[in-house]
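Only one structure is covered here, and it is reproduced in the block below.
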Amino acid sequence: MTTPDFELAGIGLEYRAGVRALDSIDLTIRRGEQVAIVGANGSGKSTLLKILDGLVFPTSGSIKAFGATLTEHALEDPAFRKDFRSRVGFVFQEADVQLFCSNARDELAFGPLQLGLDAGEVERRVNEVAAQLRIEKLLDRAPYTLSGGEKKRVAIGSVLTMEPQALLMDEPSSALDPRSQVWLLSVLDEWKRQGRTAIIATHDLSAAAESADRMVVLSEDHVVVADGPPEKVLAQRELLLAVNLIHEHAHRHQTVTHTHPHHTHPHTHPHTT
Amino acid sequence: MHIPDGYLSPQTFIVLDVAMVPIWVIAARKVKKTLKTKQVPLMALGAAFAFIIMMFNVPVIGGSTGHAVGGTLIAIILGPWAAVLAISVALIIQALVFGDGGITAIGANCLNMAVVLPFVGYYVYRLLFGEGRSNARRLVSAGVAAYVGIVASAVCAGIEFGLQPYIAHTAAGQALYAPYPLTIAVPAMAIEHILFFGWVEAIVTVGVVAALAKSDTALLSGRPAAKPLRWLWAGIGALIILVPLGALAPGTAWGEWSSGQIESLVGYVPGNLESLGSVWKSALPGYTAPGVSHSSVGYLFAAVIGVILCVAVGWGAAALLARRHRPAVAGATGPHDEGDIAQAVHARRPRVRSLARKTADSLGRAISEVLENEEHASRPGLLQRLDPRIKLFSIVLMAVTVSLVHSFWMLVLFVAVGAALAAASRLSVASFSRKVWLSAGLLALILVIPSTTAWVTPGAVVIPMGRFSITEPGLVGAATLVLRVVAAAGFSLLVLWTMRWAQLLQALTALRVPGVIVATLAMTHKQIVTLLRTVEQIHLARESRLVTAGSTHDNRAWVTDRMAFVVRKSMKTADDVYDAMLARGYSGPVRTLVQLKTTRRDWVWVTACVVGCVAAVAVDRLVLGVLA
């Protein structure tokens, strides 16, 4: 069996004494898994992704990435850093944060160039990814002239050019219109088909259920309260209500008013008028 | 205080441009030591923040509003060396993208606002605040520091302006560049800032520091910097040398209307400046040579010394203020209308629209200007098709040539060349000319009117009015200056309108400007647009809920509170962007993809430019010079 991409044991993070962001997280993520990390706002999803990407370091517990222990010290070693950065890609929630170059082409080229690839290879990757994401026409435009959906495409492209093994995404579907959301799902499908790992933090349960084959639920106390296939996790309504991921939804059908939890209860009513 | 193109002689601006290079190198080294690889995002956001601060309208008194530079504030937050870089980047972007401040005058503007201002401000603040813990003391220190800093900076600008008539004028006594001597330029700049812009700067600094002190004292803890005491001793040392010099050369030329007033407000500074003005005269006689002559070398030297002295005086003033200055009570009477007209025009605009609306409008205009520039730059015109390096070089060459030629007709020719290039680059000549004449030309015209009088420029009288008689050299000098400013502004505008920002960055990279600097510039520009949008939204949101205009005090508190918000947001974004860079393998040096190739068209163009410029100077000196 191959080494898991990530192994987290007892990960905890305290910003200051008493201000906790994560608490004793045990999590093993294997090659090719499509994991959705779900939780309400403030549950620690983004922090967990940052820990997986070696941007934030836990105050307790240990993390291994591709079999090697990931610490601040280990990342100071150029060879290790280069290897780790080329294997893990991170799409930030806010595209504005991620797009810091003066045009989309430079943005797509930034990652591979920092990893020391030669110009010819970088150019090949930029063109390939641009074609794949259908953003060729955006390449010479400045980021601030792009729409929200276009920015997201460029942000995702800027990570794909690094050809990572594992992709981390923070709320990828936020700020996307329905058409772009469908586009995103197709990108993730392609990713899955290539047998690569994807870890997506979201509070959008329906999107998570569609793309992921594993769902990890973080509670508002920053601990993992459920971990398993999406259908099984979504069936635990009490739990999802407790972690504030779903809410009772009341609506009226002509004469009958009934309530049911949102998201987990697909049902149809004959809407007659 | 942004000095436009055309006001400074080449001897001055070239020296100052060159002088800034080692300062930037030192600052970059210092910052690298303390901030390591994080310097790029932090500098970029610091610069974007500096830029945004300059865009806020600050209510001062009686309905008047002004803009602050925020130099002291940035130095308090980032430390003085980081402030040097952050403000420099902001000023460079203002010059290259928004046309505020000349391209040739970048060195002068950076020296005044990005070096003198943050250093004087920072050390006055450290000195007054010391190891203090009390918030009141922090606020008073910050306010006094900001006030002293901006006045010191204005005095520097005054010295740069004031040296111009000595450096270059014709045999007839007609000025070739800024027409006012030190005895007028320095007090004008000083008084304007003592009475008005000093207060704007203090209000902004105190307000933002107060807002930050409530929640983010960590931001104010100050990044490590050199020991203030050492600089203090240097300042006192300089003063000791200065005082006997002043005694040897008693000057009487100080503007009689202001001496007492200034002295009561800032203490010791004017006394020394008075002697400074006279020191030039006694130490460097014989500046009556026509045009640019051998004596200009002496003045070049004098300009450098003058600026060094100015900084020293600033520190000296800081030392004295530490003992004397009491918390100031607002005594400003409104904007003073000499000298810094660009800012004063804003300041004097009647308050018809609400403050929030006004700021939102100017922010919206700035955003559309950025987009408009990009649109102009993507048209298929003559200049747009050139290699960006060649284009930058040739336009700067023409701007420098404009500052070298003296004759009226040659300047007229250059104004025409600018318009012709605009037409060849498929830009609307009408809007090009409107922009150049109405912004730069009109300001220059207002500024030169007093210099046409016998009081400033003696000579053959054309219209007799006693002391204020209009003289011939005065008129010719004024016309020359206006034309020069218009011609230079035209070339600056051509850079703005035909160079896409990404192209400019490519040119800089190809010219071997360090990747860190280019990356900082790139990120700053992008963050400015993002922040502009945010701040515009904030102002519109306020406007939408505003029923009454509100008191000046409330407005002021609101503005500084919003600025504090921008600080917090900038610093938070710097952290996030840094993470995003790390995540994609960033580890210090920035690598970029640049494929620039020059074609024959580029070389033909650049050869034509060089030949044309050399010929222009030669004709100006040999043919038209004789006629004049």
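Here is the naming used below: chain letters follow the sequence lines, and residue numbers restart at 1 for every chain. Just so you know, these numbers come straight off a predicted model, no measurement behind them.
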Contact class of A/Q93 relative to chain B, heavy atoms under 4.5 angstrom:
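Interface part for A/Q93: neither.
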Quick one: what part of A/V56 sits under 4.5 Å from any heavy atom of chain B, side chain, backbone, both or neither?
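For A/V56, no heavy atom lies under 4.5 Å from chain B.
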Who are the salt bridge (Lys or Arg N to Asp or Glu O under 4.0 Å) partners of A/R196, not counting sequence neighbours?
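For A/R196 there are no salt bridge (Lys or Arg N to Asp or Glu O under 4.0 Å) partners, ignoring immediate neighbours.
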With sequence neighbours excluded, what pairs up with B/D602 under the salt bridge (Lys or Arg N to Asp or Glu O under 4.0 Å) test?
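Residues passing salt bridge (Lys or Arg N to Asp or Glu O under 4.0 Å) with B/D602: none at all.
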May I ask you to name which of A/G89, A/S158, A/P78 has the most heavy-atom pairs under 4.5 Å with chain B?
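Ranked by contacts with chain B, first place is A/S158.
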Considering only heavy atoms and a distance below 4.5 Å, find which of A/L99, A/T145, A/V159 pairs most often with chain B.
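Going by pairs under 4.5 Å, I would pick A/L99.
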Identify the residues of residues 45-55 of chain A whose heavy atoms come closer than 4.5 Å to a heavy atom of chain B, ordered by number, or report 'none'.
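Residues of residues 45-55 of chain A touching chain B at under 4.5 Å: A/K50, A/D53, A/L55.
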Mark yes when over 12 heavy atoms from residues, nucleotides or ligands other than A/K192 sit less than 6.0 Å from its NZ; otherwise mark no.
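More than 12 within 6.0 Å, yes.
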More than 12 heavy atoms of other residues, nucleotides or ligands under 6.0 Å from CZ of A/R134: yes or no?
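Incorrect, the count does not exceed 12.
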Between B/D579 and A/F92, is there a side-chain heavy-atom distance shorter than 4.5 Å?
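Counting from C-beta outward, A/F92 and B/D579 do come under 4.5 Å.
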With side chains defined as the heavy atoms from C-beta onward, is the minimum distance between A/M162 and B/R584 less than 4.5 Å?
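With C-beta onward as the side chain, the pair touches.
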Kindly write out the residues that satisfy side chain to side chain donor-acceptor pair (under 3.5 Å) with A/D77, not counting sequence neighbours, or none if the list is empty.
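By the side chain to side chain donor-acceptor pair (under 3.5 Å) rule, A/D77 matches no residue at all.
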